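The block underneath contains the structure these notes are about, expressed in structure tokens.
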Amino acid sequence: MTDSSPPDRGATDAPAADSAADVADVADLLATPYRTHTCGVLRAADSGTIVRVSGWVHRRRDHGQLIFLDLRDRYGITQVVIDRTGQPDAHAAASRVRSEFVVTVEGEVAARVPGTENPRLPTGAIELRATAVTVLSEAKTPPFYINDPDATIDEALRLRYRYLDIRREAMARRLLLRSRLVQAIREVHHAHGFVEVETPNLIKSTPEGARDFIVPSRLQPGSVYALPQSPQQLKQLLMVAGIDRYFQIARCFRDEDLRGDRQPEFTQLDLEMSFVDEDAVMAFVEKMVIEVCRVTTPDRPFQETPFPRFTFDEAMDRFGSDKPDLRFGMELVDLGPRLVDAAEVPSSGFRVFDETLAAGGRVKAIVAPGMAGATRKEIDELTERAKRFGAKGLAYLGLAEGGEIRSPIAKFLGDELTRGLIDATGAAEGDLILIVADTPAVTADVLGRLRVELGGRLGLADPDVLAFCWVNRFPMYQWDAENERWDATHNPFSGVLPEDEELLTTLDGDPAKPSPQDPAGRARALQYDIALNGWELGGGSIRIHRRDLLARSFTLQGQTEAGMKEKFGAVLEAFEYGPPPHGGIALGIDRWAALLSHQSNIREVMAFPKTQSGGDLMLDAPSTPEEGQLAELGLSFVGVRGRATPPPPAE
RNA sequence: GGACCCGUGGUGUAGCGGCCCAACAUGCCAGCCUGUCACGCUGGAGAUCGCCGGUUCGAAUCCGGUCGGGUCCGCCA
């Protein structure tokens with residue numbers, strides 16, 4: 001019966017959808033000896049009701065005869081008044097209460113004395129006139145302010161006492177938003193016939209490029225499990241199994257260095273569909289994403305629907321990124337055509353540009369609006385940044401008010417060409433043109449990063465807008481010079497564009513010898529990424545399910561038949577039993593939740609995240625294993641500073 | 001693996017070679033206060049300046065190392 005009842009969409013249209021007080025009605029299971037109501041629900045209409053509430057003491061204001069307690073739970077704050085003359089016992093109890101004590105208060109809901117209402121609290125029209133105050137738990141003075149939303153607190157301290165940090169409204173609200181996000185995801189998938197399947201965390205290493213976390217086996221000493229970097233192979237096996245439409249909120253593990261948007265364990269929305277093409281997957285995901293965002297953050301507008309689509313080449317060309325932030329313009333402008341003469345010979349007069357173009361490179365620019373007045377120091381900083389991103393230098397043209405041009409390269413280019421370049425960029429008075437000359441890849445990358453940097457610094461991106469886009473037609477492979485082979489740019493099972501199938505071959509026909517001249521370098525993958533506000537939110541592909549194509553693709557990746565069997569044995573074998581055409585995608589839940597919460601760091605939407613060095617400051621993990629644990633596994637530490645342990649006995 | 005930033009009472013900051021056994025705010029403790037809601041008033045306790053070493057007549061302040069946290073590059077989808 002309850003299974004068929006419609007999902008509660010109360011959150012969708014509730015005005016306070018973004019507040020910690022926003023939750024489904026829990027009154028039905030609330031009645032316990034501790035409380036009849038939460039601290040967030042009482043209103044003027046409840047006046048006269050006898051209630052009991054429990055919560056943490058948010059603040060105490062002691063006026064002698066009269067004590068005010070702000071009582072807090074995750075639903076809100078209710079003011080309690082204790083009058084000594086009427087309630088001497090309650091008053092005595094309230095006198096010894098301190099911040100963060102847990103108390104139960106019994107009393108009558110009353111409209112506040114006129115003129116003393118607090119419009120900043122949803123419960124500000126009423127107060128609870130206490131007849132009894134019971135202390136359930138005492139609390140030490142907390143290590144930081146829980147009741148001050150503006151307090152800046154050292155993050156290490158927050159992580160050490162995360163359970164106190166989560167008591168703070170902002171943190172609780174973010175976890176709540178994340179919960180709603182995941183709930184919405186589940187609802188949409190179930191509504192579209194997806195089956196939620198759990199896959200194991202103790203699996204075999206699935207080479208996806210990242211380092212595996214390894215778990216030693218006790219029952220099979222000398223062997224290890226790997227924690228999944230993603231359920232990639234398992235979900236493909238589910239397709240062979242006929243599960244048609246699969247999804248999972250999956251925990252994934254990657255042992256790589258951390259960043260603001262990367263944790264060693266993180267959560268993916270993993271999904272896979274059978275009998276689909278690229279458009280079918282993208283269509284579903286787009287529909288799902290829109291619906292989920294509408295439910296989770298109804299007040300965040302979409303910049304554009306349907307989501308714009310770019311090929312990889314176009315995205316790199318226009319934005320210098322395969323995850324462009326579309327909330328502002330500042331697109332890259334190719335200056336090349338202006339820098340060559342009628343015979344297409346580079347002839348700008350500025351040697352760096354000419355040589356770059358002659359060598360097949362690119363000269364491109366972005367326009368930083370209003371930055372013509374940048375100081376020498378600011379420009380040096382930008383140059384420094386550009387160099388760190390891989391550029392050899394940064395040329396610029398500043399268009400000062402009044403038409404004066406400020407540029408170290410103008411004298412080489414001459415007046416006419418300088419005007420021509422300004423024209424090409426569309427820059428206006430007061431703007432600063434930044435120019436990079438390098439290989440196509442470096443030019444795009446450096447300008448792309450500068451674009452994001454400056455867009456942020458100049459406040460060009462509306463923080464509320466959700467600018468989704470798709471990027472597809474990625475190159476199938478990247479040449480790995482070190483290992484003399486083609487690396488799949490994403491998933492090794494990613495399919496190839498049908499018209500590029502014939503390119504999947506080695507030049508000299510020697511399958512054992514990939515070379516950088518191979519036409520495969522031009523092959524494009526059936527690969528699609530979804531980006532949101534400049535973050536890569538997810539990526540997926542249509543997989544290769546045909547044995548022959550798979551073999552050719554793997555050969556280009558430098559895999560031998562034996563190597564393939566070792567790494568992908570289960571999938572390859574399964575593919576001999578009727579694999580359906582299939583494809584899917586994985587979306588980063590942490591990133592999604594962070595972006596919906598206006599956060600630039602996924603730690604802010606994780607209950608118990610790890611530090612940059614992979615530590616848990618609260619649990620003090622990782623830690624030295626206990627005596628015997630290693631021996632039982634047949635392991636010993638070797639050559640670890642201060643951690644060497646005696647080797648296990650030979651047998 | 002690398003670059004940079006930060007580390008001072010419970011918390012957030014100031015001080016950046018002697019004026020500092022360290023200042024301010026807040027929190028904490030005590031007393032007073034019947035309408036506050038960052039309550040108010042009065043008084044009080046609380047840090048040898050992450051740790052180790054060096055330079056110096058003298059170090060919170062300079063230098064080196066180390067530990068912890070963060071940002072970024074490499075790495076990583």
Side-chain angles (χ1 to χ4, degrees), chain A residues 58-72 77-86 91 95 98-100 110 112-121 123-124 127 129 140-161 164 208-212 229-230 232 252-264 266 268 322-323 384-385 387-390 445 449 453 471 474 487-492 494 527-531 535-541 585-588 591 600-601 603 610-615 617 620 641:
Chain A
H58 191 64
R59 233 182 265 279
R60 187 179 70 118
R61 291 177 296 279
D62 186 344
H63 288 246
Q65 294 296 304
L66 207 57
I67 296 176
F68 296 96
L69 295 181
D70 288 342
L71 202 61
R72 182 196 71 234
I77 289 176
T78 294
Q79 172 168 288
V80 177
V81 205
I82 305 103
D83 191 336
R84 179 187 252 160
T85 49
H91 187 275
S95 294
R98 293 292 179 270
S99 281
E100 301 307 314
R112 291 196 188 182
V113 176
T116 67
E117 300 90 348
N118 185 347
R120 289 188 314 225
L121 283 183
T123 61
E127 61 194 8
R129 306 234 160 108
K140 287 164 60 169
T141 301
F144 51 81
Y145 305 110
I146 289 160
N147 53 19
D148 180 358
D150 301 322
T152 55
I153 305 156
D154 182 52
E155 196 179 353
L157 203 64
R158 292 176 54 202
L159 291 177
R160 166 123 197 265
Y161 297 96
L164 298 181
E208 293 215 28
R211 219 172 272 122
D212 283 320
Q229 294 180 28
S230 78
Q232 183 60 43
C252 305
F253 306 85
R254 287 176 194 165
D255 189 7
E256 294 294 344
D257 289 2
L258 284 71
R259 284 288 188 285
D261 61 354
R262 268 162 36 196
Q263 283 269 312
F266 59 99
Q268 266 183 195
D322 61 358
K323 42 179 193 284
E384 213 33 61
R385 207 166 269 273
K387 284 182 177 167
R388 263 183 37 202
F389 293 152
D445 185 49
R449 289 171 188 250
E453 161 89 21
V471 177
F474 282 77
D487 269 355
T489 50
H490 285 67
N491 180 312
S494 287
Q527 168 81 39
Y528 34 82
D529 278 10
I530 184 167
W535 281 29
E536 182 192 333
L537 187 62
S541 65
I585 196 169
L587 274 65
R591 289 179 183 181
S600 56
N601 195 309
R603 289 192 299 270
K610 292 178 175 54
T611 67
Q612 195 157 49
S613 55
L617 297 177
D620 192 27
R641 224 176 341 162

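Remember, predicted model here, so these are calculated numbers, not experimental data.
Proximity of A:Ser613 to the phosphate of B:G69: a side-chain N or O atom is located under 4.0 Å from OP1 or OP2. For A:Arg259 and B:G74, the shortest distance from a side-chain N or O to OP1 or OP2 is not below 4.0 Å. Close to B:U71, at under 4.0 Å from its OP1 or OP2, lies a side-chain N or O of A:Asn601. Note on A:Ser99: a side-chain N or O is less than 4.0 Å away from OP1 or OP2 of B:C28. Here A:Gln79 does not reach the OP1 or OP2 of B:U36: none of its side-chain N or O atoms lies under 4.0 Å away.
Closest to the side chain of A:Arg603, out of B:U34, B:G70, B:U36, is B:G70. Candidate nucleotides B:U26, B:A38, B:G35 were compared by shortest atom distance to the side chain of A:Arg120, and B:A38 ranks first. Closest approach to the A:Asn118 side chain among B:U11, B:U34, B:C37 is made by B:C37 (side chain taken as heavy atoms from C-beta onward). Distances were taken from every side-chain heavy atom of A:Asp257 (C-beta onward) to each of B:G1, B:G35, B:G27; the shortest belongs to B:G1.
At the heavy-atom level, A:Thr116 lies under 4.0 Å from base atoms of the strands shown.
Stacking here means ring centres nearer than 5.5 Å and ring planes tilted less than 30 degrees, and by that measure A:Phe68 stacks onto B:U36.
Distance noted for atom C1' between B:A45 and B:C28: 9 Å (whole Å). With C1' as the reference atom, B:G44 and B:G27 are 14 Å apart, rounded to whole Å. Distance check on atom C1': B:U55 versus B:C63 gives 7 Å, rounded to whole Å. Taking atom C1' in both B:G74 and B:C49, one finds a spacing of 36 Å when rounded to whole Å. Of the P atoms belonging to B:A14 and B:C62, the separation is 14 Å, rounded to the nearest Å. Annotation: B:G15 and B:U36 have their C1' atoms spaced 37 Å apart (nearest Å). Remark: the separation of the C1' atoms in B:C39 and B:U71 is 41 Å, to the nearest Å. If you take atom P in B:A47 and the same atom in B:C37, they sit 32 Å apart, rounded to whole Å.
Other residues, nucleotides and ligands place no more than 12 heavy atoms under 6.0 Å from the CZ atom of A:Arg160. Within a 6.0 Å sphere centred on NZ of A:Lys323, heavy atoms belonging to other residues, nucleotides or ligands number 12 at most.
Along RNA chain B, the nucleotide nearest A:Asp83 and the nucleotide nearest A:Arg388 are compared for position; the residue whose nucleotide lies closer to the 5' end is A:Asp83. Each of A:Glu256 and A:Gly260 was assigned the nucleotide of RNA chain B with the nearest heavy atom; the assignment lying further toward the 5' end belongs to A:Gly260.
Across the protein-nucleic acid pair, A:Gln612 atom CD and B:A3 atom P stand 15 Å apart, rounded to whole Å. Put simply, CG on A:Asp154 is 19 Å from P on B:C67, counting in whole angstrom units. Atom CG in A:Asp322 sits roughly 15 Å away from atom P in B:C76 (whole-Å rounding). When rounded to the nearest whole Å, the span between OH of A:Tyr145 and C1' of B:A25 equals 8 Å.
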Give the C-alpha distance, both sets of side-chain angles, the deciding distance and a yes or no for side-chain contact (heavy atoms from CB on, under 4.5 Å) between A:Arg591 and A:Glu536.
-> CA-CA 8 Å; A:Arg591 289 179 183 181; A:Glu536 182 192 333; 4.0 Å; yes
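Across all strands shown, B:A23 forms a Watson-Crick or G-U wobble pair, both distances under 3.5 Å, with B:U13. Across all strands shown, B:C4 forms a Watson-Crick or G-U wobble pair, both distances under 3.5 Å, with B:G70.
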Using nucleotides 39-41 of chain B, report all nitrogen or oxygen pairs with the protein that are shorter than 3.5 Å.
unit_1: B:C39; atom_1: OP2; unit_2: A:Arg59; atom_2: NE; d: 3.2
unit_1: B:C39; atom_1: OP2; unit_2: A:Arg61; atom_2: NH1; d: 3.2
unit_1: B:C39; atom_1: N3; unit_2: A:His63; atom_2: NE2; d: 3.4
unit_1: B:C39; atom_1: N4; unit_2: A:Asp62; atom_2: O; d: 2.3

Atom pairs, protein N/O to nucleotides 46-52 of chain B N/O, distance under 3.5 Å:
none

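Only one option out of A:Arg72, A:His58, A:Lys140 pairs with A:Glu100 in a side chain to side chain donor-acceptor pair (under 3.5 Å); it is A:Arg72.
Counting heavy atoms from C-beta on, the side chains of A:Phe474 and A:Asp529 come closer than 4.5 Å. A:Thr123 places none of its side-chain heavy atoms less than 4.5 Å from the side chain of A:Gln79.
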